[in-house]
Chemist: 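This is the structure I have questions about; it appears just below.
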Amino acid sequence: KRLTVLSRLRNLETVIKRKVEAMPITYDITTDGLYKQGIERGIEQKTFQAISNAIEQAILTLEQIAEMLEVSMDTVIQVKNSIEK
């Protein structure tokens, strides 16, 4: 784990990744905190994009968008407000 953090600081992540894969030990990257944070950010961005696309198409009401994407109305309203800026 320390090696991963240090490699990120030096922009050597791809080199270190190859070296670690060649080692007889294994490291489960899915348990890494930054990996999980990246997954969450990706999901948030995809949700934002889906909401903004639905709003721009103006076929559904905001309530229908929230129900269809299984998000809160507050989230839909926040996306709508950010699009309008």
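Bear in mind the structure is a predicted one, so any value in this text is a computation, not a measurement.
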Chemist: Only pairs under 3.5 Å count here: list side-chain donor-acceptor contacts from residues 58-74, not counting sequence neighbours, and write none if there are none.
Modeler:
{"from": "Thr61", "atom 1": "OG1", "to": "Glu63", "atom 2": "OE1", "distance (Å)": "3.4"}
{"from": "Thr61", "atom 1": "OG1", "to": "Gln64", "atom 2": "N", "distance (Å)": "3.1"}
{"from": "Thr61", "atom 1": "OG1", "to": "Gln64", "atom 2": "OE1", "distance (Å)": "3.4"}
{"from": "Gln64", "atom 1": "OE1", "to": "Thr61", "atom 2": "N", "distance (Å)": "2.9"}
{"from": "Ser72", "atom 1": "OG", "to": "Thr75", "atom 2": "N", "distance (Å)": "3.2"}
{"from": "Ser72", "atom 1": "OG", "to": "Thr75", "atom 2": "OG1", "distance (Å)": "2.9"}

Chemist: Please name all residues satisfying side-chain hydrogen bond (donor to acceptor under 3.5 Å, both in side chains) with Glu13, sequence neighbours left out, ordered by chain then number.
Modeler: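 Testing Glu13 for side-chain hydrogen bond (donor to acceptor under 3.5 Å, both in side chains), a comparison that skips the adjacent residues, returns Arg8.
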Chemist: If the condition is side-chain hydrogen bond (donor to acceptor under 3.5 Å, both in side chains), which residues does Lys80 pass it with, not counting sequence neighbours?
Modeler: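 Listed in chain order: Glu84.
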Chemist: Residues in side-chain hydrogen bond (donor to acceptor under 3.5 Å, both in side chains) with Asn11, at least two apart?
Modeler: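 Once residues adjacent in sequence are excluded, Asn11 has no partner under the side-chain hydrogen bond (donor to acceptor under 3.5 Å, both in side chains) criterion.
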Chemist: Excluding sequence neighbours, so at least two apart, what forms side-chain hydrogen bond (donor to acceptor under 3.5 Å, both in side chains) with Gln49?
Modeler: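 For Gln49 the side-chain hydrogen bond (donor to acceptor under 3.5 Å, both in side chains) partners, ignoring immediate neighbours, are Asn53.
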Chemist: When rounded to the nearest 0.5 angstrom, what is the spacing between CZ in Arg18 and CG in Leu12?
Modeler: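 Result: 10.0 Å between the selected atoms.
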Chemist: Give me the atom names and distance for the closest heavy-atom approach of Ile55 to Val79.
Modeler: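 Smallest heavy-atom distance, with atoms named: CD1-CG1, 4.3 Å.
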Chemist: Distance-only check: which donor-acceptor pairs under 3.5 Å involve side-chain atoms of residues 33-42, not counting sequence neighbours?
Modeler:
none

